[in-house]
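These values consider heavy atoms only, across backbone and side chains, with no hydrogens, waters or symmetry-generated copies. Throughout, a chain's letter reflects where its sequence line sits, starting with A, and its residues are numbered from 1.
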Amino acid sequence: MKSEPFVYSIDDLEEDGTTYWDGVRNYQARNLMRDRMKVGDHVLYYHSNAKPPGVAGLARVVKAAYPDHTSWDANGKYFDPKSSPESPRWFMVDIAFEEKFQQMVTLDRIKAEPALQEMVLLKRSRLSVQPVEAKEFSLIAKIGRGQIP
DNA sequence: GCCAACGTTGGC
DNA sequence: GCCAACGTTGGC
């Protein structure tokens, strides 16, 4: 899951403990949250639009998809007039802080790693919620923990 | 700040 | 259903 750290960083998540992942307004990303994410799933927390961009730590899903109420707040920036409580168009999940990496796994590092070339991050870079293979996940976690240089 | 790569919208 | 115009994302 991607977030701009100046909007909501891994440190913000650590401070809050849990948060709801509002504002996703892309159908592919919505479908992933709604159809694929289950309670207990682990999440790579990616800082986009950062210097440098990269995976900053880990989170986990603590509540499965439910309607994103910010979509029907007419005064909010995530308002969508086509979404309503009766017929919600957008969904969110709740995630909890799990771990901040010793060292951020930068986008450059991921690009340089042969085993990570197939990551959706490198193929469809603008999707804000992406599926990650178990092998990709564990390798990035090891690099982030400093277990692999 | 630029701009490439996409995703969405809406006229036809 | 096509596609041009427009908006957004996010690395650089």
Asker: Under the rule for side chain to side chain contact (heavy atoms under 4.5 Å, CB included), what residues qualify as partners of A/Asp73, not counting sequence neighbours?
Answerer: A/Asn75
Asker: May I ask you to say whether A/Arg60 pairs ionically with A/Asp41, meaning some side-chain N is under 4.0 Å from a carboxylate O?
Answerer: no
Asker: Heavy atoms under 4.0 Å is the rule here; annotate nucleotides 3-9 of chain C 5' to 3' with B where the base is hit, S where only the sugar-phosphate is, and - elsewhere.
Answerer: ------B
Asker: Which residues within residues 103-113 of chain A lie with some heavy atom under 4.0 Å of an atom in DNA chain C?
Answerer: A/Leu107, A/Lys111
Asker: Mind checking what makes side chain to side chain contact (heavy atoms under 4.5 Å, CB included) contact with A/Glu4, not counting sequence neighbours?
Answerer: A/Val7, A/Ser48, A/Asn49
Asker: Could you pull out all residues at least two apart from A/Pro52 that satisfy side chain to side chain contact (heavy atoms under 4.5 Å, CB included)?
Answerer: A/Met104, A/Thr106
Asker: Would you list the atom pairs, donor with acceptor, under 3.5 Å between side chains in residues 141-149 of chain A and any protein atom, with sequence neighbours excluded?
Answerer:
| unit_1 | atom_1 | unit_2 | atom_2 | d |
| --- | --- | --- | --- | --- |
| A/Arg145 | NE | A/Glu99 | OE1 | 3.4 |
| A/Arg145 | NE | A/Glu99 | OE2 | 2.8 |
| A/Arg145 | NH2 | A/Glu99 | OE1 | 3.0 |

Asker: Both A/Asn26 and A/Lys82 contact DNA chain B. Taking the nearest nucleotide for each, which residue is further toward the 5' end?
Answerer: A/Asn26
Asker: For the pair made of CZ in A/Arg124 and P in C/dG10, what is the distance, rounded to whole Å?
Answerer: 14 Å
Asker: Could I get the full list of side chain to side chain contact (heavy atoms under 4.5 Å, CB included) partners for A/Asp16, not counting sequence neighbours?
Answerer: A/Tyr8
Asker: Which residues satisfy the ring pair (Phe, Tyr, Trp, His ring centres under 6.0 Å) test with A/Tyr46, sequence neighbours excluded?
Answerer: none
Asker: Who passes ring pair (Phe, Tyr, Trp, His ring centres under 6.0 Å) against A/Tyr66, sequence neighbours left out?
Answerer: none
Asker: To the nearest angstrom, how far is A/His47 atom NE2 from C/dC12 atom C1'?
Answerer: 19 Å
